[in-house]
Amino acid sequence: MICSNLTDRMNKGRVCTLLLLMAAAGIFTACGKEQQTENEQYGTIQEESREAGTSQTISDQFGEGQSIDDIEATTDNNEGAAGTAVDEADITKNAQTDELKNRFGENCISEQTFEVELSEYEGKVWFVPYAPAEDGQALDMQIIQDGEILTRIYTDVPESLEGQPFTSLDAVSFFDVNYDGCTDIVVIETYGDASFAEIYYGFANDGSDYVSSFISYDSFSERITKRVGNLTISEIRKFLSDGKKNGEFNDYKEAYRAIVRWSEVAFDSELTYDLIYFDDDDIPELVFGYKGYWVSMYTYYDGKACMLMDHWAYGAMGNAGYEYIPRGNRLRNYNNDYAGLICYTTYMTISEQHALDVVTVITTYNFDDVNGNGMPDEDEMDSAGSYGAIYVDGEEITYEQYAEYDAGEYEYIVGSMNLEELTDTLAQTN
């Protein structure tokens, strides 16, 4: 039984995407308001904030999305009075360590425990990692709010390091790795004398039965580990986007190059790419995917890349693909259930929030649904193929009205260029 229409697929998209990424190596999500992370700042700054009755965070002093190794680099660059400040920070840090261990348990890694804001949750939460109890075991990382564990993040030790003792959790950072509007988690760990990066994509609760979660994709993490020479958070961000976070891009070409770099590392498949003019502005949308299986699409606005389509599957189970009217700001998708006895035509547009919104879903019944249960029963099969009824929002419409909805010259959203061709096109585009 496939999803009955695109709205249902939006709710069930998490399962489809997770399975697809596990097989190919992100969930159908609109580009929401990105909430960059705030890690709690330790040291003199935090102590002064405590005395003032305020909550000061890393972003207040060093900027958003920073990690422990970034902070240490900043501190090491201080001169003159820096030595005194570090000594004071060490004293405060020790007190904070005791406080965190009393609060979260002796086994928590206090120096990498942060109070943060993540787009997946309302309000501040605690990111609390716990050291493995035995050699060869993985970290236990938890998201905690008001004493309740909201999410447990399950980690894996690379096969090559199985049995090695846990040495350290070297860095933690929170930023949008795949430009989908959700905060992701990046950690750098050392087992024995070998360090590796692990990236956990964040998925927000979309109003369905699925809860907010973070999922690791080992193949992507392995490629990042191999391709980034000096394994630090700042070097990972430099490798992926020249150090820029989403919202800081100078133009769409810079944003799309970052997305292409991520996609090229994230997927084994030979992807195809394209630049299309979905709406009527002069900024093209970026399309990429695995032809015949899935497609993604991004748009650009005010320094930020916004995900419109996230690995939308097609080519099976009655879904032929996704079409658009060039510069018409309209997407069309045909899908069906029960071998075509129920057909769905979904129309979507890019909204002012830079997300694809469903405008209309037209349902066509090619059988007489006498009992109105929305599915063909055995005693209704005699009407199959000789009956037709079209509905919008439960109201029957005529074929002429349906044709008005469907008017326009559509083209399929599918990549037509390889990576080199797209790169050349971005370089040449004014």
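In this chain, numbering begins with 1 at the start of the sequence shown.
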Worksheet entry | Distance flag, aromatic centroids of Y412 and Y322, threshold under 6.0 Å | no

Any side-chain heavy-atom pair of [X] and [Y] under 4.5 Å:
{"X": "F127", "Y": "I143", "answer": "yes"}
{"X": "K245", "Y": "F175", "answer": "no"}
{"X": "F214", "Y": "D184", "answer": "no"}
{"X": "V359", "Y": "D357", "answer": "no"}
{"X": "L275", "Y": "Y256", "answer": "yes"}
{"X": "E198", "Y": "T155", "answer": "no"}
{"X": "Y402", "Y": "T345", "answer": "yes"}
{"X": "W294", "Y": "W312", "answer": "no"}

Residues that [X] engages under side-chain contact (heavy atoms from CB on, under 4.5 Å), provided they are two or more places apart:
{"X": "T423", "answer": "L419"}
{"X": "Y130", "answer": "F104, N107, C108, V128, D140, Q142, I144"}
{"X": "D251", "answer": "K253, E254"}
{"X": "T360", "answer": "Y347, I362, V392, Y405"}

Check [X] against [Y] and note the closest heavy-atom contact, atom names and distance.
{"X": "A197", "Y": "S221", "answer": "O-CB, 3.4 Å"}
{"X": "I109", "Y": "T113", "answer": "O-OG1, 2.8 Å"}
{"X": "C343", "Y": "N366", "answer": "SG-ND2, 3.7 Å"}
{"X": "Y314", "Y": "G321", "answer": "CB-CA, 3.7 Å"}
{"X": "G408", "Y": "I325", "answer": "CA-CD1, 3.9 Å"}
{"X": "D281", "Y": "R327", "answer": "O-NH1, 2.9 Å"}

Discussion item. Out of the candidates W262, Y293, F220, only one should pair with F267 under the ring pair (Phe, Tyr, Trp, His ring centres under 6.0 Å) rule; please name it.
Written reply: W262

Discussion item. Donor-acceptor pair, distance only, cut-off 3.5 Å: does the side chain of E380 make one with the backbone of N371?
Written reply: yes

Between [atom1] on residue [X] and [atom2] on residue [Y], distance to nearest 0.5 Å:
{"X": "E323", "Y": "R330", "atom1": "CD", "atom2": "CZ", "answer": "12.0 Å"}
{"X": "D274", "Y": "M297", "atom1": "CG", "atom2": "CE", "answer": "11.5 Å"}
{"X": "C306", "Y": "E285", "atom1": "SG", "atom2": "CD", "answer": "10.5 Å"}
{"X": "S234", "Y": "I236", "atom1": "OG", "atom2": "CD1", "answer": "8.5 Å"}

Under the side chain to side chain donor-acceptor pair (under 3.5 Å) rule, collect the residues that match up with [X], sequence neighbours excluded.
{"X": "S263", "result": "Y273"}
{"X": "S110", "result": "T97"}
{"X": "T272", "result": "none"}

Worksheet item: For E421, what residues pass the salt bridge (charged side-chain N to carboxylate O under 4.0 Å, His left out) criterion, not counting sequence neighbours?
Response: none

Worksheet item: Can you name the salt bridge (charged side-chain N to carboxylate O under 4.0 Å, His left out) partners of R261, sequence neighbours left out?
Response: none

Worksheet item: Do we see a donor-acceptor contact under 3.5 Å between the side chains of T346 and N333?
Response: no

Item to complete: Would you kindly say whether Y277 and D280 are connected by a side-chain donor-acceptor distance under 3.5 Å?
Response: no

Discussion item. Check this for me: does any side-chain nitrogen of one of E264 and R223 sit under 4.0 Å from a carboxylate oxygen of the other?
Written reply: no

Item to complete: For F249, check ring-ring contact (aromatic ring centres under 6.0 Å, His included) against everything at least two apart and list the hits.
Response: none

Discussion item. According to salt bridge (charged side-chain N to carboxylate O under 4.0 Å, His left out), does anything in residues 393-416 pair up with another residue at least two apart or in another chain? List the pairs.
Written reply: R332-D406

Response to the item:
Paired with Q112, the side-chain contact (heavy atoms from CB on, under 4.5 Å) test is passed by just one of V187, L139, L169, D170, namely L169

Item to complete: Sorted by first residue and then second, give each ring pair (Phe, Tyr, Trp, His ring centres under 6.0 Å) pair with at least one member in residues 382-401; sequence neighbours left out.
Response: Y365-Y391

